[in-house]
Amino acid sequence: MIATVSDIIKKAIKECQQNGAIKTEELPDIIIEKPKRDDFGDFATNIAMLLSSKEGKQPRQIAELLAKEIRQSENIKKVDVAGPGFINIFMGDNYWLNLLKEIYHLKGKYGASDIGAGKKVQVEFVSANPTGPLHIGHGRGAAVGDTLANILKAAGFEVTKEYYINDVGKQVEILGRSLYLRYLELLGKKVEFPDDHYKGAYIKDIARDIVTKFGNKYDKTNEDSLPFFTNFAAESIMKLIKKDLADFGIEFDNWYSEKSLFDKGLVLQTIDELKKREIIYEKDGATWFRTSDFGDDKDRVLIKADGEKTYFASDIAYHREKINRGFSMLINIWGADHHGYEGRIRGFLKALGYDDSSLKIIFIQLVALLRNGIPVPMGKREGEFVTLREVMDEIGKDACRFFFLTRKSDAQLEFDLELAKKQAPENPVFYVQYAHARICSIIKHAREKGLHLPKLVPAGSPTRTFGDKFKQGTEDVNIKLLSLKEEFDIIKKLASFPDIVKGSALAMEPHRITFYLQELAAMFHPYYNKNRVVTEDMQLTNARLYLCEAVRTVIKNGLNLLGISAPEEM
RNA sequence: GCGCCUGUAGCUCAGUGGAUAGAGCAUCAGCCUCCGGAGCUGAGGGUCGGAGGUUCAAAUCCUCUCAGGCGCGCCA
């Protein structure tokens with residue numbers, strides 16, 4: 001939409017340059033905004049103000065010259081010069097009405113674009129350690145990552161969603177030992193369960209599994225069987241996590257194992273590469289990477305004095321792999337408590353000579369669960385944390401995903417479970433989904449009165465096939481009967497959807513879609529309440545059904561991006 | 001102490017350098033012979049944490065400052 005307006009303005013500038021009215025050749029970026037006030041037009045540009053100093057003319061004077069040219073373009077109702085030198089553009093009615101046809105034709109594709117130009121992007125998210133079930137914080141990262149991936153796809157990027165599994169290291173070993181001890185316990189042995197081991201009930205469940213499957217086969221007093229328990233535990237928990245994610249509507253394209261980096265020798269290879277560049281040194285028996293030469297606060301250990309590699313060592317190998325796999329943009333979604341880690345990973349990329357601006361890290365701030373406004377206690381001990389599963393079971397996947405996206409990622413989120421469950425307009429999920437269901441109901445009602453939606457199929461539409469029994473085409477729907485201000489306001493809102501999707505993709509801010517849908521629903525409900533769609537006036541009814549259908553399409557497309565269902569009945 | 005994030009209406013939050021800063025909730029006052037009242041209408045409510053600066057223009061950019069959260073491991 002804005003692209004079209006931008007073309008009109010560019011054309012006007014060109015005209016002015018040709019006839020000598022404007023001399024500047026190097027033009028600033030054309031910024032088009034949608035003014036807050038209706039009387040400032042549908043679109044406004046500040047280009048005249050930006051050209052003012054170069055041209056040596058008053059902004060308003062330049063604006064007048066441009067306005068004169070813009071008025072010559074098609075579908076322009078009015079062009080004003082206002083304030084310090086804004087050019088306010090009012091589009092003609094046909095411009096907006098034609099948009100309804102566009103939506104009708106594009107259906108599920110309305111909102112999509114190709115600004116991503118097929119660039120390969122990787123979104124890595126969740127990547128929770130396989131040491132326990134996903135908690136509510138992981139859920140927020142999951143919702144943001146998955147939605148962002150959807151939005152980027154809609155904007156024409158080629159997206160790979162990936163989960164990095166930390167399946168080696170101390171934590172997984174402790175996990176294996178925890179399972180081993182629970183297993184022995186089940187077999188009636190007296191064990192001492194260390195305080196730093198995993199105490200969650202899920203470990204006992206897994207131990208019970210082993211007893212059922214293998215009996216006392218691994219009942220040894222020594223620890224030879226520990227690797228078995230480690231693997232069994234990690235695999236069992238990954239299964240749980242995968243199930244949680246699947247039920248949350250998320251499918252990853254790739255599960256990348258940290259262990260595989262070691263197996264393929266990539267960790268040592270990466271360290272060798274740093275060695276060759278002589279940015280590695282030995283100190284106190286450990287091997288250090290001179291990240292502080294590349295913007296990090298201090299140097300970091302890659303190989304500990306005991307010979308073990310650090311997590312950082314395998315992580316740089318992983319990031320090197322990502323780049324080698326040909327992604328032109330890497331998006332990492334991390335919990336905010338990992339932000340201290342950013343410097344060293346950027347340091348690594350810079351050390352290898354990569355442009356670290358191709359790495360974008362989105363930090364997800366904390367989620368505070370509330371119940372009727374009162375905080376739900378979330379201690380970290382003894383599995384007191386609330387799992388994603390529990391919340392999903394209580395309020396449903398849709399509400400859960402939506403609520404995670406009602407704030408920008410870098411703001412803390414208050415998540416009220418009771419509000420999320422409410423079937424009332426103060427619950428934003430409900431409010432948006434209800435708009436969709438309501439439109440479906442209106443269409444159904446119209447059908448019962450003999451007005452069929454297929455009648456809305458415009459003549460020549462690709463959905464029409466030979467033998468189509470619906471003889472009437474778009475000309476039967478006289479959309480010019482849509483004349484109310486509310487109707488145009490809604491159409492204009494629908495018109496901005498593709499720009500919202502693009503902006504959301506480029507800024508990597510999925511919450512913009514959530515806000516947009518709430519705003520759209522907030523325009524539709526009052527319109528419905530004030531104006532009857534299905535009346536005795538067939539022509540008007542058809543036109544309004546056509547508008548409703550467009551609203552429905554956009555709500556549905558938006559909800560699809562969020563991974564939330566668009567119910568026809570509620 | 002250093003670094004990152006946050007600070008906007010009573011509360012929760014939008015607001016990619018633009019014109020008179022917005023929404024929801026809450027509060028108050030209203031609306032159901034009618035396509036889904038599971039909804040709608042209206043009102044009040046603001047030193048954009050504070051102080052400087054940059055410019056035609058700052059909630060937005062820069063510096064300083066105050067408050068809250070998080071991080072500063074040979075943990076992951």
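Sequence lines set the chain letters: A, B, ... in the order given, protein chains first and strands last, and positions in each chain run from 1.
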Report the base-pairing partner of [N] (Watson-Crick or G-U wobble, both distances below 3.5 angstrom), or none.
N: B:C35; value: none
N: B:U27; value: B:A43
N: B:G22; value: B:C13
N: B:G71; value: B:C2
N: B:U63; value: B:A51

Please report, rounded to the nearest Å, how far the [atom2] atom of [N] is from the [atom1] atom of [X].
X: A:E173; N: B:A76; atom1: CD; atom2: P; result: 10 Å
X: A:I31; N: B:G18; atom1: CD1; atom2: C1'; result: 10 Å
X: A:K408; N: B:U6; atom1: NZ; atom2: P; result: 6 Å

Next item on the list: Pull up the glycosidic torsion of B:C56 and say syn or anti, syn being anything within 90° of 0.
Entry: anti
Next item on the list: Answer with yes or no whether A:D337 presents, from its side chain, a donor or acceptor under 3.5 Å of a partner atom in the base of B:G71.
Entry: no
If only side-chain N and O atoms of [X] are considered, is one of them under 4.0 Å from the OP1 or OP2 phosphate oxygen of [N]?
X: A:R438; N: B:G37; result: yes
X: A:Y431; N: B:C40; result: yes
X: A:K444; N: B:G36; result: no
X: A:K530; N: B:G39; result: no
X: A:K36; N: B:G15; result: no
X: A:H511; N: B:U16; result: no

Check: Between A:F404 and A:F415, does a ring pair (Phe, Tyr, Trp, His ring centres under 6.0 Å) hold up when you go through it step by step?
Finding: CA-CA 8 Å; A:F404 281 137; A:F415 189 145; 5.3 Å; yes
Item checked: Span that lies between the P atom of B:C48 and that of B:A21, in whole angstrom -> 11 Å
Note to self: Taking A:F348's backbone N and O only, do any of them form a donor-acceptor pair with A:R320's side chain (distance below 3.5 Å, no angle check)?
What the structure shows: no
Next item on the list: Would you check if the side chain of A:T541 reaches a backbone N or O of A:T535 as a donor-acceptor pair within less than 3.5 Å?
Entry: yes
Next item on the list: Could you check whether A:Y528 gets within reach of a base, just the sugar-phosphate, or nothing at all, counting any heavy atom under 4.0 Å?
Entry: base
Next item on the list: May I ask you to say what A:R300 touches in the nucleic acid, namely base, sugar-phosphate or nothing, with a heavy-atom cut-off under 4.0 Å?
Entry: nothing
Margin query: If you assign each of A:M570 and A:G83 to its closest nucleotide in RNA chain B, which residue comes earlier from the 5' end?
Written below: A:G83
Check: Which residue, A:H525 or A:N531, contacts RNA chain B at a nucleotide closer to its 5' end, judged by nearest heavy atom?
Finding: A:N531
Note to self: Both conditions, 6.0 Å and 45 degrees, for the charged tip of A:R37 above the ring of A:F40: are they met here?
What the structure shows: yes
Notebook entry, point to check: Looking only at side chains, do A:N332 and A:K322 share a donor and an acceptor under 3.5 Å apart?
Noted result: yes
